[in-house]
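Report on the structure given below.
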There are 2 protein chains.
Amino acid sequence: MNESVKRPTGRHHGDLRRALEQAALELVAENGPGGFTLAEASRRAGVSVAAPYKHFADRGALLAALVLRGYTEQRERYRTAMAARPDPAGQLAAFAEAYVQFAADQRALFELTFAAGLDKARYPDLVEAGSSLLELLDAPARTLRGDGAQARGLVLAVAASAHGQAVFLLEGVLADQPDPLAQARRQAASAAKALTDAYGQTPPASKTAP
Amino acid sequence: MNESVKRPTGRHHGDLRRALEQAALELVAENGPGGFTLAEASRRAGVSVAAPYKHFADRGALLAALVLRGYTEQRERYRTAMAARPDPAGQLAAFAEAYVQFAADQRALFELTFAAGLDKARYPDLVEAGSSLLELLDAPARTLRGDGAQARGLVLAVAASAHGQAVFLLEGVLADQPDPLAQARRQAASAAKALTDAYGQTPPASKTAP
DNA sequence: GTCTATAGCTGGATAGAC
DNA sequence: GTCTATCCAGCTATAGAC
């Protein structure tokens, strides 16, 4: 992918901002979340270490931009995956499957959203974007369970299960399986279904409206 | 920050090795897995930056020791928690609960086992110790499902769900709940039960315990 | 918008005295 | 086993030229 164009380090980029983000992602993919440095990303983008500061306030700003992109991309994916299903239970399962798929497709982006190590107080937008992801599950969960607290429980159960499968997949826990990705996807989906069924059994004496 | 505390920096420790590990854990607890440096740990232990090298080959060796300790401690906890239950399903639930509890009690140790960023090829012992954790679930899972592949699925489903709950708890996703820890524990346990029930429905014609 | 140059800092690791 | 001293590397960020 990266042609051996060893930039004489003097050319201007069409979109340095994007190039830096891309380089950062590669670094994270190769060396983990802690493996990203502004200096190395600059080198890979073929610019000096000073150039990034025209596009990002500091190192953290670049990371924050990536995390935000990660959330946005996830949201879009999950929304699409869920929209393809008519039934609430199917939507929850679709989410779980898409969650695992995203972790596999965009490993660096996925890891960053959980391990960027950013000061949450300094980037409140990210917290917002993160919680908006789980909100996608509110509609189907409420359709199934009505009550707020119990619906919330179902949302968390499905998401937690999917997250665990995703982490296990990336961490190599499933390495002994024939097709780890397919395995994780299937597991996440069927766990979502099982959790939905189990939780759906207990509407505590009908809808307890607040 | 603490420069006023000018350690005489000349005293000998009873157990520097342990003191360094402890300081490292505090660093991770405060600043995340990436927040650990040998230099800062040395400062906190009240010794020079050269001292650690008499106890650890390098920075990675200290981290590896911690990760190993984390696995050992987890194993012991899970074993104990499971031993208190007579039924396989209860054992799986007990594991899930204990898993969340460990993450809460030993946050730094828990985070390190997943984000130490160690070269797995260089520390094969850690991989071994890690997978031995899930093996604790094999016995109850096999009792419930007999078949190897299906039992494996149940093991992974329960563990993944527990892991997700633990991460959500630490990440603050449950911050809007009254008692996040209790919530996560309960959720992990009941999810384990739900998954056990669902997966237990399809035993390949072997003896299924009630 | 990008470069060169640089300041300032922190960390990992080693050598040799005690 | 611990210290002092030191080296070297790498990163972040800024200033000023073009």
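Sequence lines set the chain letters: A, B, ... in the order given, protein chains first and strands last, and positions in each chain run from 1.
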- Message: So if I take residues 15-29 of chain B and measure heavy-atom distances to DNA chain C, which residues fall below 4.0 Å?
- Response: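 Heavy-atom cutoff 4.0 Å gives no residues at all.
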
Measure the distance from [atom1] on [X] to [atom2] on [N] and round it to the nearest whole Å.
X     : N      : atom1 : atom2 : value
B/R44 : C/dT10 : CZ    : P     : 14 Å
A/R59 : D/dG10 : CZ    : P     : 16 Å
A/L38 : D/dT12 : CG    : P     : 5 Å

- Message: Heavy atoms from C-beta onward define the side chain here; which of C/dG11, D/dC11, D/dC3 lies closest to that of A/E40?
- Response: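 My answer, after comparing the listed nucleotides, is D/dC11.
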
- Among D/dC3, C/dC3, C/dG11, the nucleotide that comes nearest once only the side chain of B/S48 is considered: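 When the side chain of B/S48 is considered, D/dC3 is the closest of D/dC3, C/dC3, C/dG11.
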
Taking only residues two or more places apart in sequence or in another chain, which ones pass salt bridge (Lys or Arg N to Asp or Glu O under 4.0 Å) with [X]?
X      : answer
A/D105 : A/R77
A/R107 : A/E111
B/E76  : B/R79
B/D87  : none

- List in numerical order all residues of residues 49-56 of chain B for which some heavy atom is under 4.0 Å away from an atom belonging to DNA chain D.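 Hits under 4.0 Å, by residue number: B/A50, B/A51, B/K54, B/H55.
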
- Which pairs pass side-chain hydrogen bond (donor to acceptor under 3.5 Å, both in side chains) with one or both residues in residues 23-38 of chain B, sequence neighbours excluded?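 As it turns out, the side-chain hydrogen bond (donor to acceptor under 3.5 Å, both in side chains) pairs with a partner in residues 23-38 of chain B, which skip direct neighbours, are B/E30-B/R44.
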
- Task: Scan for side-chain hydrogen bond (donor to acceptor under 3.5 Å, both in side chains) pairs involving residues 16-25 of chain B, sequence neighbours excluded, and state none if there are none.
- Result: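 Applying side-chain hydrogen bond (donor to acceptor under 3.5 Å, both in side chains) to every pair that reaches into residues 16-25 of chain B, excluding sequence neighbours, yields B/E21-B/R69.
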
- Examine distances only and state if a side-chain atom of B/S161 and a backbone atom of B/A157 form a donor-acceptor pair shorter than 3.5 Å.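 Between the backbone of B/A157 and the side chain of B/S161 there is no qualifying donor-acceptor contact (under 3.5 Å).
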
- Message: Looking at A/R43, I'd like to know whether one of its side-chain N or O atoms comes within less than 4.0 Å of OP1 or OP2 on D/dC11.
- Response: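 A/R43 to D/dC11 OP1/OP2: side-chain N or O found under 4.0 Å.
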
- Message: If you assign A/A57 and A/T37 each to the DNA chain D nucleotide with the nearest heavy atom, which residue ends up on the more 5' nucleotide?
- Response: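 On the 5' side of the pair lies A/T37.
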
- Query: Pairs in or reaching into residues 52-65 of chain B: which pass salt bridge (charged side-chain N to carboxylate O under 4.0 Å, His left out), with residues at least two apart or in two chains?
  - Reply: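 Found B/D58-B/R122.
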
